[in-house]
Amino acid sequence: MILKERTKSITHRVLESLNFRMNLPVEEQLKYENQVKGWAGEKQFDFYMSQFHQSGLVLNDLVLNYRDTVFQIDSLFIVNDSIYLYEVKNYTGSYFYKEDSFFTESGYQILNPLRQIDRSVTYLQNVLLRLGYRFPIHPMVVFINPEFTLYSILPNKHFLFSSQVPKHLSALSNQNFLIKQEQLDLAHKLKELHNEDYRPDNLPIYQLGQLKKGILCPICFSLSHTDTRQNYLCTACKHKEIITTAIERSIKEFKLLFPDNLMTTSQIYEWCGKNYSKERIRIILKKNYQSHLSRHMTYYSEKSPSKVPLFDKIP
Ligand SMILES: [Zn+2]
C-alpha cells in the first residue's frame, strides 16, 4: 500500500521554475540537471515498487527531523516486520569501489552513498525509539540505471543493481505477509512527521525583478499560450487547462519562490504576465487564501492548501 506518493523536493521545484524564468548560472544549471536525473531514477524505482507494494507500506520522499538535524529518505518500505530504506542513485558510467570509497573512472572520489544512508538509519532509529517502536532497519543503495557499472572486489549486500530490483522486491512481497495495525500506526506517524515545508539553506539567490513573468505550461514549461474565454492553451505542446486552474498553479509557484512576500492582487497580476484582469485574480485569491487588510493594502496568506498540483503531471 502506498501511503505517501513521491513529490518533487522544494530544491527541485525552485530550480525547475527558475530554469525557465531566468538564465541559471552554470553551477545551478548542473544542480537542476542532477535533480531531473535523480527524479527520473526515483520514478523508475517507483515503477518497480508499484508491482510489489501490496504486501507492505510504502512512504516516498520523507523529510524527517531528529533534534536539529533534517534527513531525507527516498523510499521506506515496511514489510515483513522490517523496515527497508532505499537510497536511489541514478548514476551512469563506470565506477570503482575500494576501501569503502567510490571513485569515478578518471580517479575522482565521490561521496559514498552508503555513508549517506547510514546517517539516515541512525536518525531514523532514534525517531522510532522516540515513537516507541523497535524494528530492524535494512539500508539499501539502489543503482537504478542499467548503464551503471561498479567494479568491486567484494559484493556488498547493501547494494542493489537495476537488474536485481524486481527480484529483491518480489522476494519481500512473496512472504504472505499481512499488514499489522502496529505497522500501519507507525507508517501514519512517520507520514505526519514529514516536513513538507523544509527549505534547505543552499537554495539559489534570486529576485522577482530577474524573472520572466507569465504562466508556465506544466508539461513543457513554455511561457507562450493562447486563451479562449475559459481555457489556457499552450502554443508549444497544445496542453489545455482551465484558466482558473492555471492561475491557481501560478500562485502556488509564486509562493514557492517567494514564501516571505506579502501576496497582493497587483503582484499576482504582474506575475501572471498581466494577461488576466485584476478582478479575476482577486476572485481566485479570495477563494483560496485568507485576506488581510494592512495599511490600506489587502494581502493574502495560506488558508487551506490548494488541491492543484505544481508540475507533478510531468512523467
Ligand atoms: Zn506546453
Side-chain angles (χ1 to χ4, degrees), residues 5-26 28-47 50 60-61 90 196 203-204 206-259 261 263 265-285 287-289 305-315:
E5 295 286 348
R6 189 174 303 286
T7 49
K8 290 175 184 173
S9 68
I10 288 204
T11 303
H12 187 166
R13 287 188 287 147
V14 165
L15 285 168
E16 181 172 73
S17 175
L18 295 180
N19 184 54
F20 294 98
R21 292 188 182 273
M22 65 181 277
N23 287 324
L24 277 180
V26 178
E28 306 293 354
Q29 179 73 39
L30 281 173
K31 266 195 211 168
Y32 173 58
E33 285 164 15
N34 279 333
Q35 291 286 332
V36 172
K37 196 174 176 193
W39 173 255
E42 288 162 14
K43 294 304 273 181
Q44 181 60 35
F45 181 72
D46 292 347
F47 168 73
S50 68
N60 291 313
D61 259 337
N90 195 3
E196 177 122 37
L203 287 175
Y206 49 87
Q207 272 152 8
L208 184 55
Q210 286 172 281
L211 306 185
K212 286 184 205 157
K213 312 297 185 294
I215 295 186
L216 287 175
C217 168
I219 305 299
C220 73
F221 302 100
S222 164
L223 277 167
S224 84
H225 55 98
T226 54
D227 292 342
T228 61
R229 207 163 67 87
Q230 291 295 336
N231 290 311
Y232 159 106
L233 184 71
C234 170
T235 323
C237 79
K238 308 292 176 223
H239 166 72
K240 190 173 155 186
E241 195 174 10
I242 294 167
I243 289 173
T244 308
T245 312
I247 295 174
E248 284 178 6
R249 190 165 53 71
S250 218
I251 295 172
K252 288 194 91 176
E253 187 192 347
F254 182 85
K255 280 197 70 67
L256 167 80
L257 293 173
F258 303 101
N261 278 31
M263 196 164 62
T265 304
S266 300
Q267 222 165 21
I268 298 302
Y269 168 74
E270 280 178 36
W271 178 244
C272 292
K274 301 182 183 171
N275 287 317
Y276 308 101
S277 73
K278 287 188 180 177
E279 191 45 36
R280 192 173 201 171
I281 285 165
R282 188 174 294 114
I283 291 168
I284 294 171
L285 281 169
K287 190 181 118 213
N288 297 298
Y289 295 88
S306 162
K307 298 270 187 309
V308 183
L310 181 77
F311 303 149
D312 273 342
K313 285 179 189 160
I314 313 298

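What's counted below: heavy atoms across the whole structure, side chains too, no hydrogens, waters or symmetry copies. Remember, it's 1-based here, ligands and their atoms both numbered in the order they're listed.
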Next on the checklist: Taking the cut-offs as 6.0 angstrom to the six-membered ring centre and 45 degrees off its axis, would you call Arg21 and Trp271 a cation-pi pair?
Outcome noted: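 So Arg21 does make the cation-pi contact.
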Next on the checklist: So that I know where these two stand, are Tyr206 and Phe258 an aromatic pair - ring centroids less than 6.0 Å apart?
Outcome noted: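 Yes, close enough.
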Next on the checklist: Among Leu24, Val36, Val14, which residue satisfies the side chain to side chain contact (heavy atoms under 4.5 Å, CB included) criterion with Asn19?
Outcome noted: Leu24
Item to check | Side chain Thr235, main chain Ser224, donor-acceptor under 3.5 Å | outcome: yes
Next on the checklist: Checking Glu5 against Asn60 for the side chain to side chain donor-acceptor pair (under 3.5 Å) test, could you report, in this order, the C-alpha distance in whole Å, the side-chain angles of both residues, the deciding distance, and whether it holds?
Outcome noted: CA-CA 6 Å; Glu5 295 286 348; Asn60 291 313; 5.1 Å; no
Item to check | Pairing residues for Gln29 by the side chain to side chain donor-acceptor pair (under 3.5 Å) criterion, not counting sequence neighbours | outcome: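 Testing Gln29 for side chain to side chain donor-acceptor pair (under 3.5 Å), a comparison that skips the adjacent residues, returns Glu33.
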Checklist entry - What protein N, O or S atoms come within a distance below 2.8 Å of the Zn ion (ligand 1), ordered by chain and number? => result Cys217 SG, Cys220 SG, Cys234 SG, Cys237 SG
